[in-house]
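Here's the structure we're looking at; comments come further down.
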Amino acid sequence: MPPRKKKTAEIKPAENRNDAYIAGAGTVVEQPITETLESNYMPYAMSVILSRAIPEIDGFKPSHRKLLYTMYLMGLINGAKTKSANIAGQTMRLNPHGDAAIYETMVRMTEGNEALLHPYVESKGNMGKAYSRDMAYAAPRYTEAKLAPIARELFNDIDSDTVDFVDNYDATMKEPTLFPVSFPSVLVNNNTGIAVGMASTICSFNLREVCKTEIEFIKDEDINIADYLTAPDFPGGGELLYDRAEIENIYRTGRGSVKVRGVYSYDKSANCIDITEIPPSTTVEAIIEKILDLVKQKKVTEINDIRDETDLSGLKITIDLKRGTDYEKLMQKLFKMTPLQDNFSCNFNILVGGSPRVMGIKEILTEWTAFRVECVKRRVYFNLNKAKERFHLLKGLQKILLDIDKAIKIVRETAEEKEVVPNLMIGFGIDEIQAEYVAEIKLRHLNREYILKRLEDVDELEKEIAELEDILKTRRKLMNIIIKELEGVAEKHGKDRRTKIISAEDNKIEVEEEEVPNYPVTVFFTKEGYFKKITPQSLRMSGEHKLKEGDEIVKTT
């Protein structure tokens with residue numbers, strides 16, 4: 001039999017095919033790289049910048065805001081702690097990411113992790129430590145969390161139409177675009193983000209100093225910021241080497257760096273150094289590894305042992321010294337050669353109105369003040385409308401007071417329920433809203449005592465309405481409200497500085513170079529060549545050859 005011919009597969013048109021088919025798949029299209037970047041990479045870059053990596057004027061990135069708002073909706077601002085797994089799961093309604101990423105975001109905001117100067121989340125269980133690279137946090141099924149007291153300052157006005165709300169990713173619920181925070185949180189807690197083509201590194205400042213600076217700035221925009229905002233204050237403490245010129249440069253431009261060093265103490269009885277605070281830009285493991293490396297290279301010879309003794313009481317690195325070691329000189333050497341002294345780089349890049357801007361402190365305070373003024377205005381307007389609505393209802397009730405029997409008679413004699421409101425409107429000359437309010441009053445409340453108690457609020461409401469309208473017209477009163485709130489935040493949540501300020505000029509690191517002994521050298525010339533002999537005699541002879549007995553010396557120098 002002749003061999004069968006293989007059938008050629010027939011390619012059907014796309015509209016007649018049953019299998020998966022992608023139009024244009026496998027087709028190579030020549031395209032200028034600039035067009036590819038513009039159509040594909042630029043949208044990604046803008047998404048990272050605007051929706052992920054750069055904080056906004058309220059001090060939060062979208063991931064932080066979604067998590068904290070979910071906890072607020074869960075009632076965790078007043079209630080007991082709940083499992084972190086529950087929080088991560090609920091947050092997925094707003095944040096379309098995996099629970100691992102959401103949980104890691106929450107961990108960094110907890111008091112247990114010690115990454116923030118004023119943590120927004122109270123925690124129970126192992127949350128790891130910001131100063132340790134290898135100390136992992138426990139799984140979310142083991143830890144618990146709730147909102148910290150300072151988080152109230154984020155949500156106090158959120159139900160008073162102070163900020164805009166938008167749909168979440170599947171349009172099933174609303175979420176705030178910003179938090180109406182009552183203090184400049186963007187400066188109080190450190191924030192770091194790496195976007196595409198830009199980054200943001202905002203150091204933390206003492207809450208009391210920030211509130212005081214904002215108050216003075218509201219009163220006089222020409223103040224010198226450095227007179228009130230002394231220097232950054234880091235969660236891990238440390239010692240900041242204060243350079244006024246550099247601080248003022250950072251405050252003016254939003255860029256620069258500050259030197260921070262660790263804090264140590266010397267235990268004379270054990271002849272060891274205990275390091276209890278380190279710079280914010282490093283970790284315990286990085287410091288120990290660097291010191292061990294220096295010991296191996298014999299650049300540091302005064303150390304017997306180094307170990308990590310961090311426990312529940314806090315960070316502690318212990319260095320055992322050799323006998324006779326000058327611990328102060330050793331620490332000066334370690335400050336120079338290890339991350340125990342490090343630079344913290346500042347880059348105050350913040351999103352304002354959907355646009356990233358690197359700003360100095362004055363610009364940040366200006367933008368925050370404008371943001372907070374708008375929040376307070378919207379809150380006042382919201383309260384004014386509520387007061388006017390209440391006043392309008394009570395004015396209708398006041399007319400009913402003139403003849404309660406007439407109102408009862410109208411209701412009783414009306415044949416159909418839908419005619420009750422129109423008949424009350426006609427009988428007392430009130431509008432539909434007032435008539436609805438009167439019609440909903442229970443029969444037991446239609447007595448003079450009940451109505452008189454309700455009417456006692458009329459005079460107070462009139463005064464309140466007048467005051468609220470005056471606040472909206474007078475900027476000075478708006479500013480006084482903001483100042484009063486700032487004073488309250490500073491008093492309620494303020495803490496002492498953790499980072500000690502020391503003079504950079506008085507604490508320059510001066511490490512003496514090791515002196516090379518200048519011993520006299522004797523050179524012997526023989527017939528075979530020359531030999532070097534170092535004295536004193538206790539030192540070994542060195543050179544190309546050693547002198548041997550019987551060598552004939554020609555010349556000596």
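Counting begins at 1 with the first residue of the sequence.
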For [X] versus [Y], what's the shortest heavy-atom pair and its separation?
{"X": "T172", "Y": "D170", "answer": "OG1-OD1, 2.8 Å"}
{"X": "E153", "Y": "N156", "answer": "OE1-ND2, 3.7 Å"}
{"X": "R498", "Y": "P235", "answer": "NH1-O, 3.0 Å"}
{"X": "L117", "Y": "F205", "answer": "CD2-O, 3.3 Å"}
{"X": "V260", "Y": "G237", "answer": "CG1-O, 4.4 Å"}
{"X": "L315", "Y": "V284", "answer": "CD1-CG2, 3.6 Å"}

For residues 336-366, which residue pairs pass the ring-ring contact (aromatic ring centres under 6.0 Å, His included) check, not counting sequence neighbours?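 Counting only pairs at least two positions apart or across chains, the ring-ring contact (aromatic ring centres under 6.0 Å, His included) contacts touching residues 336-366 are F234-F344.
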Could you walk me through whether D222 and K362 satisfy the salt bridge (Lys or Arg N to Asp or Glu O under 4.0 Å) test, starting with their C-alpha distance in whole Å, then the side-chain angles of each, then the deciding distance to 0.1 Å, before giving a yes or no? CA-CA 9 Å; D222 295 326; K362 274 194 177 182; 5.1 Å; no
Would the distance check show the side chain of [X] and the main-chain N or O of [Y] forming a donor-acceptor pair, the cut-off being under 3.5 Å?
{"X": "T499", "Y": "E239", "answer": "no"}
{"X": "N249", "Y": "G256", "answer": "no"}
{"X": "S204", "Y": "D233", "answer": "yes"}
{"X": "S39", "Y": "E35", "answer": "yes"}
{"X": "Q341", "Y": "F335", "answer": "no"}
{"X": "D267", "Y": "C272", "answer": "no"}
{"X": "E56", "Y": "V352", "answer": "no"}
{"X": "D311", "Y": "S313", "answer": "yes"}
{"X": "R52", "Y": "I194", "answer": "no"}
{"X": "K83", "Y": "R141", "answer": "yes"}

Within a radius of less than 6.0 Å around [atom1] of [X], do more than 12 heavy atoms belonging to other residues, nucleotides or ligands occur?
{"X": "K495", "atom1": "NZ", "answer": "yes"}
{"X": "K377", "atom1": "NZ", "answer": "no"}
{"X": "K259", "atom1": "NZ", "answer": "no"}
{"X": "L472", "atom1": "CG", "answer": "yes"}
{"X": "E309", "atom1": "CD", "answer": "yes"}
{"X": "R475", "atom1": "CZ", "answer": "no"}
{"X": "R378", "atom1": "CZ", "answer": "yes"}
{"X": "K124", "atom1": "NZ", "answer": "no"}

Decide yes or no for [X] and [Y]: does some side-chain heavy atom of the first lie under 4.5 Å from some side-chain heavy atom of the second?
{"X": "L241", "Y": "I501", "value": "no"}
{"X": "P119", "Y": "T110", "value": "no"}
{"X": "D274", "Y": "Y264", "value": "no"}
{"X": "Q90", "Y": "M74", "value": "yes"}
{"X": "C346", "Y": "I202", "value": "no"}
{"X": "I502", "Y": "L240", "value": "no"}
{"X": "S182", "Y": "V489", "value": "yes"}
{"X": "E144", "Y": "T82", "value": "no"}

Side chain to side chain contact (heavy atoms under 4.5 Å, CB included), paired with I481, selected from L486, V376, V373: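 Option passing the side chain to side chain contact (heavy atoms under 4.5 Å, CB included) with I481: V376.
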Quick test of your reading of the model: are [X] and [Y] salt-bridged, counting only N-O distances below 4.0 Å?
{"X": "R379", "Y": "D161", "value": "no"}
{"X": "R133", "Y": "E289", "value": "yes"}
{"X": "K174", "Y": "D167", "value": "yes"}
{"X": "K473", "Y": "E469", "value": "no"}
{"X": "R372", "Y": "D157", "value": "yes"}
{"X": "R357", "Y": "E367", "value": "yes"}

Go through F179 and L68 one step at a time and tell me if the side chain to side chain contact (heavy atoms under 4.5 Å, CB included) criterion holds. CA-CA 10 Å; F179 283 153; L68 292 172; 4.0 Å; yes
Any residue meeting side-chain hydrogen bond (donor to acceptor under 3.5 Å, both in side chains) with N40, in chain and number order, not counting sequence neighbours: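 For N40 there are no side-chain hydrogen bond (donor to acceptor under 3.5 Å, both in side chains) partners, ignoring immediate neighbours.
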Verify whether one side chain among [X] and [Y] offers a donor that lies under 3.5 Å from an acceptor in the other.
{"X": "D293", "Y": "Q297", "result": "yes"}
{"X": "S200", "Y": "N347", "result": "no"}
{"X": "D159", "Y": "Y72", "result": "yes"}

Distance, nearest 0.5 Å, that separates CD of Q332 from CG of L330: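 Result: 10.0 Å between the selected atoms.
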From CG (L187) to CG (L229), nearest 0.5 Å: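 Reported to 0.5 Å precision, the distance equals 7.0 Å.
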Tell me, which pairs form a side-chain hydrogen bond (donor to acceptor under 3.5 Å, both in side chains) where one or both residues lie in [range], sequence neighbours left out?
{"range": "residues 98-107", "value": "Y103-T143"}
{"range": "residues 57-71", "value": "D58-R65, K66-E175"}
{"range": "residues 183-195", "value": "Y120-N189"}

Mind running side chain to side chain contact (heavy atoms under 4.5 Å, CB included) on I287 and I278 for me, showing each step along the way? CA-CA 9 Å; I287 291 171; I278 61 175; 3.5 Å; yes
In chain order, what residues pass the ring-ring contact (aromatic ring centres under 6.0 Å, His included) check against Y381, with sequence neighbours excluded?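 Scan of Y381 (ring-ring contact (aromatic ring centres under 6.0 Å, His included), adjacent residues dropped) gives none.
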Is there a salt bridge (Lys or Arg N to Asp or Glu O under 4.0 Å) between D496 and R208 once you walk through the steps? CA-CA 8 Å; D496 295 335; R208 288 175 182 157; 2.9 Å; yes
I would like to know whether I288 and D308 meet side chain to side chain contact (heavy atoms under 4.5 Å, CB included); could you show each step before the answer? CA-CA 8 Å; I288 293 176; D308 182 6; 3.7 Å; yes
Given the rule in the salt bridge (Lys or Arg N to Asp or Glu O under 4.0 Å) test, do K212 and D227 qualify, once you have shown the distances and angles that lead to the verdict? CA-CA 11 Å; K212 176 66 175 175; D227 291 341; over 6 Å; no
